Number of protein chains: 2
Amino acid sequence: MDTAKNMEGVAIDPTTILKNCGLKRTLGRVKILDILIELDRPITGKELLNRLGTDAVDPASVYRTLNVFFDLEVVHKIEGADNINRYALNRGEDMHPHFTCRTCGKMECLTMTTFPHIDIDSMEEGYLVERESISLVGLCPRCRL
Amino acid sequence: MDTAKNMEGVAIDPTTILKNCGLKRTLGRVKILDILIELDRPITGKELLNRLGTDAVDPASVYRTLNVFFDLEVVHKIEGADNINRYALNRGEDMHPHFTCRTCGKMECLTMTTFPHIDIDSMEEGYLVERESISLVGLCPRCRL
DNA sequence: ATTTTTCTTGCAATCAAGTTGCATTTGCAT
DNA sequence: ATGCAAATGCAACTTGATTGCAAGAAAAAT
Ligand SMILES: [Mn+2]
Ligand SMILES: [Mn+2]
Ligand SMILES: [Zn+2]
Ligand SMILES: [Zn+2]
């Protein structure tokens, strides 16, 4: 039995992931998952397309695939401060802030940073908060020089 | 002398604002400021255009104006969870989270909610954090019914 | 008050991220 | 092997936003 807290041992290979959520194992999906599994930070559709290279999967299919993955919680979708969506494999981590470098555009997961409590008591009654996110923007070490 | 903490008494009329930042007083800018001054929540370029009505200012001019205002810190720009920028008059408030209703798309400033401290010590050395934002998404009382 | 200079606008074209309709192809269960 | 549901490629389209450029309006200079 694997809980969200104990997924280290879970085999995360494309075939298993696709089987587990009842999706057909297509070449495009496998290639996309290969990239996302390899990577430890959220990337844009554009970067994903670049990494897929010239033997490309069609952009429409890539975006469609990412949406399917997101709906099935295979990936996280993070809205960037630059209004571009980024996607990362859902490894069952706790909620965490994200940092984006305004120069190179790379986003990083701050998985080690405790997600602070947000006091919503002061909001008017009647609101339903379904999702919250914290986004930091600045310069990464490389771009800071 | 007016500090950011003590702006209540500051006259916030379009003419003064424009003069203070050395911008020409044009009809479009005045109309835009009228709307932003009246309103207490961030709105999209689209909503701003709608409010300007048929005697419209050109969309290009509206977006250009918003960018100019943002650069001069006349307005805040908030990136929404829906990847659409929203703008609100800069009244010198403290930093605060924003709530967006996923149904009606209205964004609200949670000015009464204390902005939690984000522990960035656990980030690798060498990062420069210039900006941070907190975004809540859910349903507003009206859309919750 | 007129001229001159500088800034701003409108318009149309353009861009980028992402979506959609539809014919064709592919994975997979039988 | 066969058949059907699901997925893809392609092209067209949507939306938020930006840009080049000629024409127009403000402010400054005379
Ligand atoms: Mn993350
Ligand atoms: Mn605000
Ligand atoms: Zn960088
Ligand atoms: Zn609502």
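What you are looking at is a predicted structure, and each value in this text was computed from that prediction instead of being measured. Letters go in sequence order (proteins before strands), and every chain restarts at 1.
- Enclosure of atom NZ in B:Lys77 by more than 12 non-hydrogen atoms of other residues, nucleotides or ligands within 6.0 angstrom is indicated.
- Listed by first and then second residue, the ring-ring contact (aromatic ring centres under 6.0 Å, His included) pairs that reach into residues 47-96 of chain B are B:His96-B:His98, sequence neighbours excluded.
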## Note on the structure
With sugar-phosphate taken as primed atoms, P, OP1 and OP2 and all else as base, the protein-contact string of nucleotides 4-16 of chain D at under 4.0 Å (heavy atoms; B, S, -) is -BSSBBBB----S

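- Taking atom CD of A:Glu47 as the reference point, atom P of C:dA17 lies 12 Å away to the nearest angstrom.
- The bend of the helix from C:dA1-D:dT30 to C:dT30-D:dA1, defined by the angle between the axes of its first five and last five pairs, stands at 20° to the nearest 10°.
- Atom pair B:Ile43:CD1 and D:dA17:P shows a separation of 12 Å (rounding to whole Å applied).
- Per the geometry, CG belonging to A:Asp71 stands 15 Å off C1' belonging to C:dG18, to the nearest Å.
- In this structure a side-chain-to-backbone donor-acceptor pair under 3.5 Å is missing from A:Thr16 to A:Ile12.
- A distance of 4.5 Å separates CD1 in B:Ile43 from CG in B:Leu48, rounded to the nearest 0.5 Å.
- The distance from atom CG of A:Leu48 to atom P of C:dA17 is 13 Å, rounded to the nearest whole Å.
- Distance, A:Lys31 NZ to C:dT26 C1': 15 Å, rounded to whole Å.
- Rounded to whole Å, the distance from CG on A:Leu66 to P on C:dG18 is 9 Å.
- Atom CD of A:Glu79 is separated from atom C1' of C:dG18 by 13 Å (rounded to the nearest Å).
- Closest-nucleotide positions on DNA chain D for B:Arg25 and B:Asn67 were compared, and the one nearer the 5' end corresponds to B:Asn67.
- Within the hydrophobic cluster formed by Ile, Leu, Val, Met, Phe, Trp and Tyr side chains joined at under 4.5 Å, directly or through other members, B:Leu128 is accompanied by A:Leu139.
- Applying the side-chain hydrogen bond (donor to acceptor under 3.5 Å, both in side chains) test to every pair with at least one member in residues 35-45 of chain B, sequence neighbours left out, gives these pairs: B:Arg41-B:Glu47.
- Annotation: side chain of A:Val74 is not in contact with side chain of A:Val68 (no heavy-atom distance under 4.5 Å).
- The salt bridge (Lys or Arg N to Asp or Glu O under 4.0 Å) check on A:Arg86 picks up A:Asp82, with sequence neighbours excluded.
- Separation of atoms NZ (A:Lys24) and CG (A:Leu18) is listed at 12.5 Å; rounding is to 0.5 Å.
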